[in-house]
2 protein chains.
Amino acid sequence: MIYRELFKEYHAMHRPYMNMLNELLSKHQLFSSQWGIMRTLKLEGPKNIVEIASIFYIEKPSASNLVRKLAELGYVEAVQGKDKREKIIRLTQQGETVFTEVSETIDAFLSSIVEGISEEDQRTVISALETIRKNLLK
Amino acid sequence: MIYRELFKEYHAMHRPYMNMLNELLSKHQLFSSQWGIMRTLKLEGPKNIVEIASIFYIEKPSASNLVRKLAELGYVEAVQGKDKREKIIRLTQQGETVFTEVSETIDAFLSSIVEGISEEDQRTVISALETIRKNLLK
DNA sequence: TTAATTAGTTAGCCTAACTAATTATTTATC
DNA sequence: GATAAATAATTAGTTAGGCTAACTAATTAA
């Protein structure tokens, strides 16, 4: 029954975490969902809408909307692929610059909130969360 | 930089988890936020709106709304305290019954998704999440 | 007694998701 | 090669689940 406590603590930390994350991102007119997309585009390269939806386990219209907002901010742009229906989304130059800036803020924030957790324990957490996700998807 | 991976995995599992949880709860017209309140009232006894807001790190109007919806479902009721402004919220008889029923479903679900994670590792995760929450709140 | 505080609600806003239906294009089938 | 089926993306409309500002009613402090 220890898992009860696990998910209780999970829910307890979620809102304070999201609130703080969004507060930090708001200085750049960003929200966590949009930031997630920027991070993915930076680390994994350009992606189309279907790919973005699948990476974040959201529906296409949700992904499409988030990308539209990022494009309005000037942080991403679409290039047409071979397939004329497809929009390949990538960071703009401005997006790259903002990413670098925000990345520092977020890194400082994240490293501050894991203070007191050993690297070994962090690895255990990663592996546990991964197991949970995989159990959910099967 | 291992914390980057930790929060990446955190976000990756969050949506599949919430989707499944809400799907299970929907059979009883419940959502995860409402379920959280029912669980708290069951395990910790009656609470007023301010206490509920503080436990879930949400604002008073948000707590008030969630309680109103639970009351409309007939799962909770308010009794007046000594202070006439105060509403002390508790589970109704129907709420108790539903809690027991749903609890079984949710327990089965949660235990299925932690399959493959040792109890020791689960304790490590709990302790890590708790550390993060406390770092966030200081 | 009056001012400040507190509990709760109402109204209106926003993010972040969803489904259903539509358009444009590509791929598969006959 | 024509047509049917599938796919990429969008539009329109809905919802949960938060938020702030402003309010009423009751309590506490000055």
Side-chain angles (χ1 to χ4, degrees), chain A residues 11-26 28-38 46-73 76-90, chain B residues 11-26 28-38 46-73 76-90:
Chain A
H11 288 280
M13 70 144 278
H14 185 72
R15 187 128 311 275
Y17 167 63
M18 293 303 288
N19 285 352
M20 189 62 82
L21 184 56
N22 280 320
E23 191 182 317
L24 291 173
L25 290 170
S26 71
H28 299 265
Q29 288 84 50
L30 283 170
F31 290 93
S32 56
S33 54
Q34 299 164 359
W35 173 247
I37 291 176
M38 288 184 74
K47 296 266 175 279
N48 67 29
I49 300 292
V50 170
E51 289 166 333
I52 291 171
S54 129
I55 288 166
F56 292 98
Y57 303 108
I58 60 179
E59 298 302 317
K60 271 195 302 175
S62 309
S64 184
N65 253 312
L66 292 172
V67 165
R68 185 180 49 72
K69 286 179 204 157
L70 282 171
E72 281 166 6
L73 290 168
V76 306
E77 63 192 353
V79 290
Q80 198 186 278
K82 241 185 225 169
D83 186 329
K84 283 180 189 165
R85 294 168 302 179
E86 193 186 15
K87 287 168 80 171
I88 299 171
I89 313 300
R90 66 179 182 200
Chain B
H11 288 280
M13 71 143 278
H14 185 72
R15 188 126 311 277
Y17 167 63
M18 293 303 288
N19 286 352
M20 188 64 80
L21 183 58
N22 280 321
E23 191 182 314
L24 292 173
L25 291 170
S26 71
H28 300 266
Q29 289 82 49
L30 282 170
F31 291 92
S32 55
S33 53
Q34 299 164 0
W35 173 246
I37 291 176
M38 288 184 74
K47 295 266 175 279
N48 67 29
I49 301 291
V50 169
E51 287 166 335
I52 292 172
S54 131
I55 288 166
F56 293 98
Y57 304 108
I58 60 180
E59 298 301 319
K60 272 193 303 174
S62 308
S64 184
N65 253 312
L66 292 172
V67 165
R68 185 181 47 73
K69 287 180 203 156
L70 282 170
E72 280 165 9
L73 290 166
V76 305
E77 63 191 355
V79 291
Q80 197 186 280
K82 240 186 230 168
D83 185 329
K84 285 183 188 163
R85 294 168 303 178
E86 192 186 15
K87 288 168 80 170
I88 299 171
I89 312 301
R90 65 178 183 202

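In this text, all values refer to a predicted model and were calculated from it rather than measured experimentally. Residue numbers begin at 1 in each chain, while the letters A, B, ... track the order of the sequences.
- Distances shorter than 4.0 Å separate some side-chain N or O of S32(B) from OP1 or OP2 on dG17(D).
- In this pair, H11(A) and Y17(B) present their aromatic rings tilted. The plane angle is within the 30 to 60° band.
- A sub-4.0 Å separation between OP1 or OP2 of dA16(C) and a side-chain N or O of S33(A) is present.
- The N19(A) side chain lies nearest to dC19(D) when the options are dT9(C), dA9(D), dC19(D).
- Rounded to an integer number of Å, the gap from CD1 of I37(A) to C1' of dT15(C) is 13 Å.
- Taking atom NZ of residue K84(A) and atom P of nucleotide dT27(C), one finds them 12 Å apart after rounding to whole Å.
- Among the heavy atoms of the strands, none lies under 4.0 Å from K69(B).
- For dC18(C), one of the phosphate oxygens OP1 or OP2 lies less than 4.0 angstrom from a side-chain nitrogen or oxygen of S62(A).
- Whole-Å rounding puts the N65(A) CG to dA9(D) C1' distance at 11 Å.
- Within the 4.5 Å cutoff, no side-chain heavy atoms of K87(B) are placed close to those of V67(B).
- R15(A) has its CZ atom 11 Å from the C1' atom of dA16(C), to the nearest Å.
- Here the side chain of L66(B) is nearest to one of dA16(C), dG18(D), dG8(C), namely dG18(D).
- Each of I58(A), I52(A), I49(A) was evaluated against L66(A); a single residue qualifies, I58(A), per the side-chain contact (heavy atoms from CB on, under 4.5 Å) test.
- Atom-to-atom, NZ of K60(A) to P of dT11(D) comes out at 13 Å; the value is rounded to the nearest Å.
- When distances run from any side-chain atom of I58(B) to the nucleotides dG8(C), dC19(D), dT10(D), the shortest one goes to dC19(D).
- Between the CZ atom of R68(B) and the P atom of dG18(D) there is a distance of 14 Å, given to the nearest Å.
- Toward the 5′ end of DNA chain C lies the nearest nucleotide of N48(B), the other residue of the pair Q34(A) and N48(B) mapping further downstream.
- Between N22(B) and A63(A), the residue whose closest nucleotide on DNA chain D is further toward the 5' end is A63(A).
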Worked verdict on L30(B) versus L70(B) for side chain to side chain contact (heavy atoms under 4.5 Å, CB included) | CA-CA 8 Å; L30(B) 282 170; L70(B) 282 170; 3.6 Å; yes

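- Counting to the nearest Å, the P atom of dA8(D) and the CD1 atom of I52(A) are 13 Å from each other.
- Side chain R85(B) to base dA26(D): a donor-acceptor pair is found below 3.5 Å.
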Please assess Q34(B) against L73(B) for the test side chain to side chain contact (heavy atoms under 4.5 Å, CB included), listing each intermediate value before the final yes or no.
-> CA-CA 11 Å; Q34(B) 299 164 0; L73(B) 290 166; 4.1 Å; yes

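- Protein atom NE2 of H14(A) is 11 Å distant from nucleotide atom P of dG17(D), rounded to whole Å.
- Contact annotation: side chain of K87(B) to base of dG8(C), donor-acceptor pair absent below 3.5 Å.
- Each of dT10(D), dT27(D), dT25(C) was ranked by its minimum atom distance to the side chain of D83(A); first place goes to dT25(C).
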